[in-house]
Trainee: 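Before I ask anything, let me first share the structure, which is written out below as structure tokens.
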Amino acid sequence: MKFELITLSGVKYSAEAYSVVLPTAGGQITVMPLHEPLLSVLKPGAITVRKDKSSATEEVFATYGGVVEITPKGTRVLVDEADGGDEISQAEAEKAHEAARKLLKEAKSSVELEHAQQLVDRQAVRLQVASIKRRHQRR
């Protein structure tokens, strides 16, 4: 099945895939060839692309919401941004997550609170992807 991950700056990833795990608003789904057509909203989370049945050939991306379109031709994900697992430093993501949590505690208005929560959520996704990537590298 053809899989494309498209960001505002262009095609981030495009390849044949055995399966794709997506964080949709209705819950996590796994898309495989011959999946029913679907259009859904994505929530922030990890997208995992398996090129074949082996988990050793996984690509993982942190995304922060978007949409997915599944057609007989393939699966297309449209997002503002996506970070590949290889682009995320575990140590930097941990520091950024702690800084975001501090901002959340110190927020004085609903606008500051909402912004800080978005930062916390974003860094939590980055940590999740870094952790997944680290586990795969140990194999």
Side-chain angles (χ1 to χ4, degrees):
M1 140 184 93
K2 176 82 170 166
F3 173 75
E4 292 180 303
L5 176 60
I6 302 169
T7 68
L8 291 176
S9 57
V11 177
K12 176 82 173 183
Y13 183 82
S14 179
E16 289 296 313
Y18 171 74
S19 69
V20 180
V21 178
L22 300 165
T24 71
Q28 183 171 296
I29 65 169
T30 300
V31 179
M32 298 181 80
L34 304 177
H35 193 285
E36 287 291 317
L38 175 72
L39 185 60
S40 182
V41 174
L42 293 178
K43 66 179 188 173
I47 294 177
T48 305
V49 181
R50 290 178 73 187
K51 293 181 182 180
D52 58 38
K53 290 183 181 183
S54 166
S55 64
T57 57
E58 284 185 345
E59 294 289 337
V60 185
F61 299 91
T63 59
Y64 315 106
V67 295
V68 60
E69 176 189 33
I70 303 168
T71 68
K73 292 182 179 180
T75 300
R76 179 178 290 161
V77 172
L78 306 171
V79 296
D80 288 346
E81 302 177 63
D83 296 316
D86 294 335
E87 301 170 332
I88 301 171
S89 160
Q90 177 86 25
E92 289 176 16
E94 286 172 357
K95 277 185 184 179
H97 189 249
E98 283 303 314
R101 288 171 46 132
K102 184 178 178 190
L103 283 175
L104 186 62
K105 287 179 185 176
E106 296 172 354
K108 293 182 174 57
S109 70
S110 61
V111 171
E112 288 178 358
L113 186 64
E114 184 177 335
H115 177 70
Q117 186 62 57
Q118 287 174 350
L119 290 174
V120 168
D121 294 345
R122 178 184 177 87
Q123 295 309 320
V125 170
R126 291 174 58 81
L127 280 172
Q128 176 189 10
V129 168
S131 176
I132 291 168
K133 196 66 177 175
R134 191 177 70 241
R135 281 195 309 262
H136 286 281
Q137 288 173 340
R138 289 182 185 163
R139 292 181 185 176

Trainee: Side chains of Leu42 and Val67, heavy atoms from C-beta outward: is any pair under 4.5 Å?
Mentor: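 When only atoms from C-beta onward are counted, Val67 and Leu42 do not touch, as no gap falls below 4.5 Å.
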Trainee: Would Val68 end up clustered with Val49 when hydrophobic side chains under 4.5 Å apart are linked, directly or stepwise?
Mentor: yes
Trainee: How many angstroms lie between CD in Gln118 and CG in Asp121, if you round to the nearest 0.5 Å?
Mentor: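 If we round to the nearest 0.5 Å, Gln118:CD and Asp121:CG are 8.0 Å apart.
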Trainee: Are Lys2 and Lys73 packed together at the side-chain level, in the sense that at least one heavy-atom pair is separated by less than 4.5 angstrom?
Mentor: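 When only atoms from C-beta onward are counted, Lys73 and Lys2 do not touch, as no gap falls below 4.5 Å.
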Trainee: Should Glu87 and Arg126 count as an ion pair when the cut-off is N to O under 4.0 Å?
Mentor: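 Answer for the salt bridge query: no.
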Trainee: In Å, rounded to the nearest 0.5 Å, how long is the span from OH of Tyr64 to OG1 of Thr7?
Mentor: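 Interatomic distance, Tyr64 OH to Thr7 OG1, rounded to 0.5 Å: 11.5 Å.
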Trainee: Tell me whether Glu16 contacts the main-chain N or O of Met1 through its side chain, where contact means a donor paired with an acceptor under 3.5 Å.
Mentor: yes
Trainee: Drop me the distance from Thr63's OG1 to Asp80's CG, to the nearest 0.5 angstrom.
Mentor: 10.5 Å
Trainee: Check whether any side-chain heavy atom of Lys133 lies under 4.5 Å from a side-chain heavy atom of Asp86, and answer yes or no.
Mentor: yes
Trainee: With a sphere of 6.0 Å drawn around CD of Glu36, does it hold more than 12 non-hydrogen atoms of other residues, nucleotides or ligands?
Mentor: no
Trainee: Between Val129 and Ala46, which heavy-atom pair has the shortest distance, and what is it?
Mentor: CG2-CB, 3.7 Å
Trainee: What residues form a side-chain contact (heavy atoms from CB on, under 4.5 Å) with Glu92, not counting sequence neighbours?
Mentor: Ser89
Trainee: Has Leu8 got more than 12 heavy atoms of other residues, nucleotides or ligands less than 6.0 Å from its CG?
Mentor: yes
Trainee: Any chance you could measure Arg50, atom CZ, to Phe3, atom CZ, to the nearest 0.5 Å?
Mentor: 14.5 Å
Trainee: Hey, are the side chains of Val77 and Glu4 touching, using non-hydrogen atoms and a 4.5 Å cut-off?
Mentor: no
Trainee: Closer than 4.0 angstrom, basic N to acidic O: yes or no for Glu81 and Arg122?
Mentor: yes
Trainee: Check the hydrophobic clustering (I, L, V, M, F, W, Y; side-chain heavy atoms under 4.5 Å; chains of links allowed) and say if Ile47 and Ile29 are grouped together.
Mentor: yes
Trainee: Name all residues meeting the side chain to side chain donor-acceptor pair (under 3.5 Å) criterion together with Gln90; count only those two or more places apart in sequence or in a different chain, and write none if there are none.
Mentor: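 Gln90 satisfies side chain to side chain donor-acceptor pair (under 3.5 Å) with Glu94, Arg134 only.
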Trainee: Scan residues 17-35 for pairs that pass side chain to side chain donor-acceptor pair (under 3.5 Å), counting only residues two or more places apart or in two chains.
Mentor: none
Trainee: Give the minimum heavy-atom separation between Val79 and Gly66, together with the two atoms involved.
Mentor: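 Between these two residues, the closest heavy atoms are CG1-CA, 4.1 Å.
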Trainee: Are Thr71 and Pro37 packed together at the side-chain level, in the sense that at least one heavy-atom pair is separated by less than 4.5 angstrom?
Mentor: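 When only atoms from C-beta onward are counted, Pro37 and Thr71 do not touch, as no gap falls below 4.5 Å.
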Trainee: So, using side-chain contact (heavy atoms from CB on, under 4.5 Å) as the criterion, who are the partners of Val11 when residues are at least two apart?
Mentor: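 For Val11 the side-chain contact (heavy atoms from CB on, under 4.5 Å) partners, ignoring immediate neighbours, are Ile6, Ser14.
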Trainee: Mind checking side-chain contact (heavy atoms from CB on, under 4.5 Å) for Ala107 and listing every partner two or more places apart, or none if nothing turns up?
Mentor: Glu112, Leu113
Trainee: Taking only residues two or more places apart in sequence or in another chain, which ones pass side chain to side chain donor-acceptor pair (under 3.5 Å) with Tyr13?
Mentor: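 Side chain to side chain donor-acceptor pair (under 3.5 Å) list for Tyr13, sorted by chain: empty.
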Trainee: How long is the gap from CD1 on Ile70 to CG on Leu22, to the nearest 0.5 Å?
Mentor: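 It comes to 6.5 Å.
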Trainee: Roughly how far, to the nearest 0.5 Å, is the CD atom of Gln128 from the CD1 atom of Ile88?
Mentor: 10.0 Å
Trainee: Test side-chain contact (heavy atoms from CB on, under 4.5 Å) on Leu5 and Phe61 and set out the steps.
Mentor: CA-CA 9 Å; Leu5 176 60; Phe61 299 91; 3.6 Å; yes
